[in-house]
K.L.:
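Take a look at this one; I'll ask things after.
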Amino acid sequence: MRHLVSVDDLSLDEIREIFERAKTFSSDLGAWSHLCPGLISASLFYEPSTRTRLSFESAMQRLGGGVLTAAEMGTSSASKGESLADTVRVVTGYADLIVLRHQSEGAARLAVQYSGVPVINAGDGSHEHPTQTLCDLYTLWIERGRIEGLDVLIAGDLRYSRTIHSFVFALARFGANIVCVPHRGLELPPYVVQRLREEYGAEPMRADVSRLGKLAAESDVAYLTPQKPHQLSLFTDAKGMRVDHVDAVYMTRPQTERHGEGANVERYLQLGQSSLEAESLRDAVVMHPLPRRDEISSELDTDPRGIYFKQASRGVPLRMAILAALLGRQPFSARPSDAAPRLYPVRVGENPCPNTTCISRTEERHVTPTFRVTDRYPLRAVCGYCSQELPIRLVGCSTTRHFHSRESATARKIRPDHLVFFRDEEHAAALGFSAATR
Ligand code: NCD
């Protein structure tokens, strides 16, 4: 059984296969009702949605299937204190697939553990939104004919936009270059940048934005490229990587519902004709996952570069392709991803995840915290649910019952399934671990 929790769950060839199928579906959306008759998808939405839920439901009905909707989970048993795990176990008996949106990072990963049917992540907190990303990549593929080598500028709230996080991972994997124009204080989160560097070889560097005009005037712009340094030497100098041409501008709204206190969104970038008049942006398509507020002015609605409504409408054929594949009616023929990260359970001590909105913290009853090792020199690990880095100082080995500093040579050699994380020496001692003798 296949799930779609992260865009990394799909290989690049599978993603290309989805695009081809979506294109075929889009030629006549009404011609595919023979594909999924008798099958039911359940929409479990704990957060508001218009496009994602309706396009999934439209897609399922276009395929001849039925839909169950729990769109306001406040009116469901969640308001009586039912856990996500229990709800998922129950809904597994009612439907053949679950589309889940939830406010906690890692919720879909948890749902997979309790579901007997495929789970699709339709947004988990500020973490990921893989089907929006597929829709965005599909739009680039249709508009530009390729993704490899494109220069894609992402702007706005890069910190809390889950659509951005899934998008940059996929862009880097496809070999596209990313120009980051964040609102001040809403830059890409460190765990995302780290992963881009470590797993996709995309090195962030300074950008020379003199050719971007007003668009980048008030921002600390960064350029991320998966290209090798020798390929870049032609375009870089002391001012940084020169951005001469942009293929797409991807705008995001401020995700104020996740900001808490402190984020200041005054003077948020507003895209209009004047911010796009630089020569380098002359034929850039303007994308947005929607909903927009004021960050794209309506004058771009009639500008041929503004394609955000087209982008939204492509969600239906794209999601038809995803549903048909995961429901087994059109299984993938391309090679699956072999990049699936190995997760290990945290067996000893408390949950080391520092993120208070991670599902491993908000739903402790049903969660065994997990982690993934991302580096060994020095040892680094991230939460298996929300991907945030674990603040490790000391680690132990569950077989020797010794603890070591994270930087030590011994720490590097501990098998991940024997690793134990400690806050400090006292914590280690309380759990029965002693300092290594050498
Ligand atoms: C996005 C989301 O929910 O993350 N919307 C969507 O699914 N199209 C973007 C947003 O809310 O800003």
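Bear in mind that the values here come from a model prediction, so they are computed numbers and not experimental data. Each ligand, and each atom within it, is numbered from 1 in the order the structure gives.
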K.L.:
Of the non-hydrogen atoms in S26 and K23, which two are nearest, and what is the gap between them?
P.N.:
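It is OG-O, 2.8 Å.
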
K.L.:
Just do the side-chain hydrogen bond (donor to acceptor under 3.5 Å, both in side chains) check on Q270 and S297 with the steps written out, would you?
P.N.:
CA-CA 7 Å; Q270 201 191 21; S297 100; 5.6 Å; no

K.L.:
Closest approach of S104 and T362, non-hydrogen atoms and distance?
P.N.:
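Here S104 and T362 meet closest at OG-OG1, 3.0 Å.
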
K.L.:
Looking at CZ of R292 and OH of Y308, how far apart are the two atoms once the value is rounded to the nearest 0.5 Å?
P.N.:
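Reported value, rounded in 0.5 Å steps: 5.0 Å.
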
K.L.:
Does ligand 1 have a heavy atom under 4.0 Å from the side chain of R162, from its backbone, from both, or from neither?
P.N.:
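Under 4.0 Å from ligand 1, R162 contributes side-chain atoms alone.
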
K.L.:
If we only count N/O pairs under 3.5 Å, is P289 in contact with ligand 1?
P.N.:
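Looking only at distances, the answer is yes, because the N/O contact criterion of under 3.5 Å is met.
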
K.L.:
Do me a favour and list the nearest non-hydrogen protein atom to atom 11 (O) of ligand 1 with residue, atom name and distance?
P.N.:
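Of the protein heavy atoms, R253 NH2, 2.8 Å lies nearest.
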
K.L.:
Any non-hydrogen atom of E47 lying under 4.0 Å from ligand 1?
P.N.:
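Outside the 4.0 Å threshold, so no.
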
K.L.:
Which of the numbered atoms in ligand 1 are under 4.0 angstrom from any heavy atom belonging to Q132?
P.N.:
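What qualifies from ligand 1 is 6 (C), 7 (O), 8 (N).
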
K.L.:
Looking only at heavy atoms, is any part of L290 under 4.0 Å from ligand 1, and if so is it the side chain, the backbone, or both, or is it neither?
P.N.:
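The answer is the backbone.
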
K.L.:
Measure from NZ or CZ of R109 to the centre of the six-membered ring of Y385 and say whether it is under 6.0 Å with the direction within 45° of the ring axis.
P.N.:
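No, R109 does not lie over the aromatic ring of Y385.
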
K.L.:
Which of the numbered atoms in ligand 1 are under 4.0 angstrom from any heavy atom belonging to H129?
P.N.:
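Counting from 1, the qualifying ligand atoms are 2 (C), 4 (O), 6 (C), 7 (O).
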
K.L.:
Return yes if some donor-acceptor pair links the side-chain N/O of S11 with the main-chain N/O of E14 below 3.5 Å, else return no.
P.N.:
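Yes.
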
K.L.:
For R258 and ligand 1, does the shortest N/O to N/O distance drop below 3.5 Å?
P.N.:
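Such a contact does not occur with ligand 1.
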
K.L.:
Identify, by atom number and element, the atoms of ligand 1 in contact range of T52, meaning under 4.0 Å from any of its heavy atoms.
P.N.:
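Per the distance check, 6 (C), 7 (O).
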
K.L.:
Whether R423 and E350 form a salt bridge (side-chain N of Lys/Arg under 4.0 Å from carboxylate O of Asp/Glu) is what I want to check.
P.N.:
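Salt bridge between E350 and R423, a charged N being under 4.0 Å from a carboxylate O: yes.
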
K.L.:
Near Q255, which atoms of ligand 1 are under 4.0 Å from a heavy atom of that residue?
P.N.:
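Ligand 1 atoms under the 4.0 Å threshold to Q255: 10 (C), 12 (O).
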
